[in-house]
K.L.:
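First, the structure itself, so that you have it in front of you.
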Amino acid sequence: MVVDGVVRIGRATIYHLRDVGRMGGFLYSAIAGCFARPFRFKEVLRQIQMIGVNSLPLILFIGLFTGMVLGLQGYYTLTKVASEGMLGMLVSLTLIRELGPVLTGLMVAGRAGSAMCAELGIMRISEQVDALECMAIDPFRYLISPKFIAALISIPLLTVAFDLIGIFGGYLSGVVLLGVNPGAYMLGVENKVDNADILLGVYKSFAFALLIVWTGTGRGYFVQKIKDAGFGAEAVSRVTTQSVVYTSIAILVWNYLITAVCL
Amino acid sequence: MSVELEFIDVVKRFGDQTVLDHVNVTFAPGQTTVIAGGSGQGKSVAIKLLLGLMAPDAGQILIDGVDIVKINKKELNKVRAQFGVLFQGVALLDSMTVFDNVALPLRERLRLPEEEVKVRVEEGLAQFDLQGEGDKFPAQLSGGMKKRVGLARAMMLDPAVVLFDEPTTGLDPQITMDIYKLFFDTQKQHGFTSIIVSHDIPKVFNLADRVVVLSRGKMATFEQPEDIQHSTDPHIMQFVQETMGQVYSSSHEFSS
Ligand SMILES: Nc1ncnc2c1ncn2[C@@H]1O[C@H](COP(=O)(O)OP(=O)(O)OP(=O)(O)O)[C@@H](O)[C@H]1O
Ligand SMILES: [Mg+2]
């Protein structure tokens, strides 16, 4: 019994170490693929369309409502200490430093990250990745690296869109609905947000973009190597779900770590 | 231009199952070898080993004297660049049209200008009787059409080595003969080394230079297709009897 347990733990450890190694090698190849010729410019644009442009309506919608509810909650809290004038600062800092990158990351992970994972998973099980390799076409340069570039461009821009419309949402509920002084709100936004805050938001959005595209494409690419995932369509569906869960957890943990280091 | 391929003492296992058991075989340069054998005997596995998509558990796989088991990805890519491959499941890129699939090697490997790509793809499609099908997606094709698109794609870059896994399964006899005719004509012109996994007994047997029968993990080579009938290996005899019995039974007896 004891020996069995030890063997199991040993096996699991080896599996996870291998998995980490594989994903590390995958990241390296994907980055190398970004610099390989010929560069697939059109494919990058297509991916920006899929990851960025197509996610924009959802991001704007969520950003607007997040900003609006922040306006309401912020107003309620700030009136307790008679400082409603600070609402602009509260809403904009919360969005730029935290909610913008995190919520955008979570949404895009669910929307585009899962799509990438399923796409690569299906290409893997139907031997399309093998076919590319046999034609001496590097699947990283051809398939994966364009997704990396597109994600690293789109997700930070989506985050900016989220922040801006969120600040507008805060304005709607704070100023238009609850009567906070519009000048005070805008002054809070303009004066109290400094470069460090914006930089933190930018760091986060880049980090989350990398997590999303790396986990999404990597899990799909290795769909046949993942333990207990099963085979075929079922494996793809399991691994896709798993990749969204992993990405979401990673985003929240990284968010905490980056915040802790930068504060 | 001709390339030699060789298995030296190759062993391939999946768990407890030994698919290839110390296999030694040479595929001579410029020759066409047919691999035959019952279903599940490891023909597709042998092709995947030659492509470096699977690693053997033991032994060497030499392509022009280079052991592809040992080389790195970059060198492997150089070896693969000479291949024209058809998978048993064809493996067309299913989110691209037929045209784009066939154009893929021209665009990505040769980086030809679009006008030239268009000319050569149309030519390739026509060879395989696929005129006007360029705008369809793989999901809109029949099984036999997919095979032909796969063949057109594989032949696009004048490969030095051709590996076809069941190129004509699912095609009608007329197209099968057309494809073999085209194939052997091109082979004569370009002199590529080719390996064809096929059940088209005896049609392709008579056209090929050599036949390799894979049975229970062993490969037996026959320089003349007719030699198969004289084999003394019981498994091979059984295979021959089961698959070609009718073909040869008129002139030979196996039943003793
Ligand atoms: N990835 C794999 N994992 C485990 N077993 C495998 C794998 N690929 C092939 N096999 C096994 O290896 C054996 C040979 O398979 P292979 O696909 O080479 O058969 P084949 O000779 O091509 O048959 P067919 O004529 O039906 O295509 C089969 O028993 C199969 O179950
Ligand atoms: Mg097969």
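Naming: A, B, ... by sequence-line order, numbering from 1 per chain.
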K.L.:
Using side-chain heavy atoms (C-beta onward) and a distance below 4.5 Å, is B:Leu51 in contact with A:Asp130?
P.N.:
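Contact flag for B:Leu51/A:Asp130 side chains = no.
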K.L.:
Quick one: what part of B:Arg107 sits under 4.5 Å from any heavy atom of chain A, side chain, backbone, both or neither?
P.N.:
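Neither part.
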K.L.:
In terms of heavy-atom proximity below 4.5 Å to chain A, should B:Leu92 be classed as side chain, backbone, both, or neither?
P.N.:
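For B:Leu92, the contact with chain A is made by the backbone alone.
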K.L.:
State whether the side chain of A:Gln128 and the backbone N or O of B:Asp94 hold a donor-acceptor pair below 3.5 Å, judged by distance alone.
P.N.:
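Judged by distance alone, yes, a pair lies under 3.5 Å.
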K.L.:
Other residues, nucleotides and ligands only: do more than 12 of their heavy atoms fall within 6.0 Å of OH on A:Tyr15?
P.N.:
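Correct, the count exceeds 12.
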K.L.:
Just wondering, more than 12 heavy atoms not from A:Lys227 lying within 6.0 Å of its NZ?
P.N.:
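It does: A:Lys227 NZ has more than 12 such atoms within range.
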K.L.:
Hey, what do you get for CG (B:Asn77) to CG (A:Asp138), rounding to the nearest 0.5 Å?
P.N.:
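The CG atom of B:Asn77 sits 7.0 Å away from the CG atom of A:Asp138.
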K.L.:
Would you say that A:Glu127 contacts B:Gln88 through its side chain, given a criterion of any heavy-atom pair below 4.5 Å between the two side chains?
P.N.:
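A:Glu127 vs B:Gln88: side chains apart.
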K.L.:
Please answer whether the main-chain N or O of A:Met135 pairs with a side-chain N or O of B:Arg109 as donor and acceptor at a distance below 3.5 Å.
P.N.:
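Side chain of B:Arg109 to backbone of A:Met135: a pair is present.
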K.L.:
With a cut-off of 6.0 Å (strictly less than), are more than 12 heavy atoms of other residues, nucleotides or ligands near CZ of A:Arg8?
P.N.:
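No, CZ of A:Arg8 has 12 or fewer neighbouring heavy atoms, counting only those of other groups under 6.0 Å.
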K.L.:
Work out which heavy atom in A:Ala131 is nearest to a heavy atom in B:Phe87; give both atom names and the distance.
P.N.:
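Scanning both residues completely, I find the closest heavy atoms to be CA-CE1, 3.5 Å.
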K.L.:
Any non-hydrogen side-chain atom of B:Leu93 less than 4.5 Å from a side-chain atom of A:Leu132?
P.N.:
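Yes, their side chains come closer than 4.5 Å.
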K.L.:
Which atoms of B:Met96 come close to chain A, meaning under 4.5 Å heavy atom to heavy atom: side chain ones, backbone ones, both, or neither?
P.N.:
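The side chain, not the backbone.
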K.L.:
More than 12 foreign heavy atoms under 6.0 Å from CZ of B:Phe184: is that the case here?
P.N.:
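More than 12 within 6.0 Å, yes.
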K.L.:
At what distance, to the nearest 0.5 angstrom, does SG of A:Cys134 lie from CG of B:Leu86?
P.N.:
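Answer rounded to 0.5 Å: 11.0 Å.
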K.L.:
Are more than 12 heavy atoms from other residues, nucleotides or ligands located less than 6.0 Å from atom CZ of A:Phe26?
P.N.:
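More than 12 heavy atoms, drawn from other residues, nucleotides or ligands, come within 6.0 Å of this atom.
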K.L.:
Side chain, backbone, both or neither: which part of B:Lys48 has an atom under 4.5 Å from a heavy atom of chain A?
P.N.:
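For B:Lys48, the contact with chain A is made by the side chain alone.
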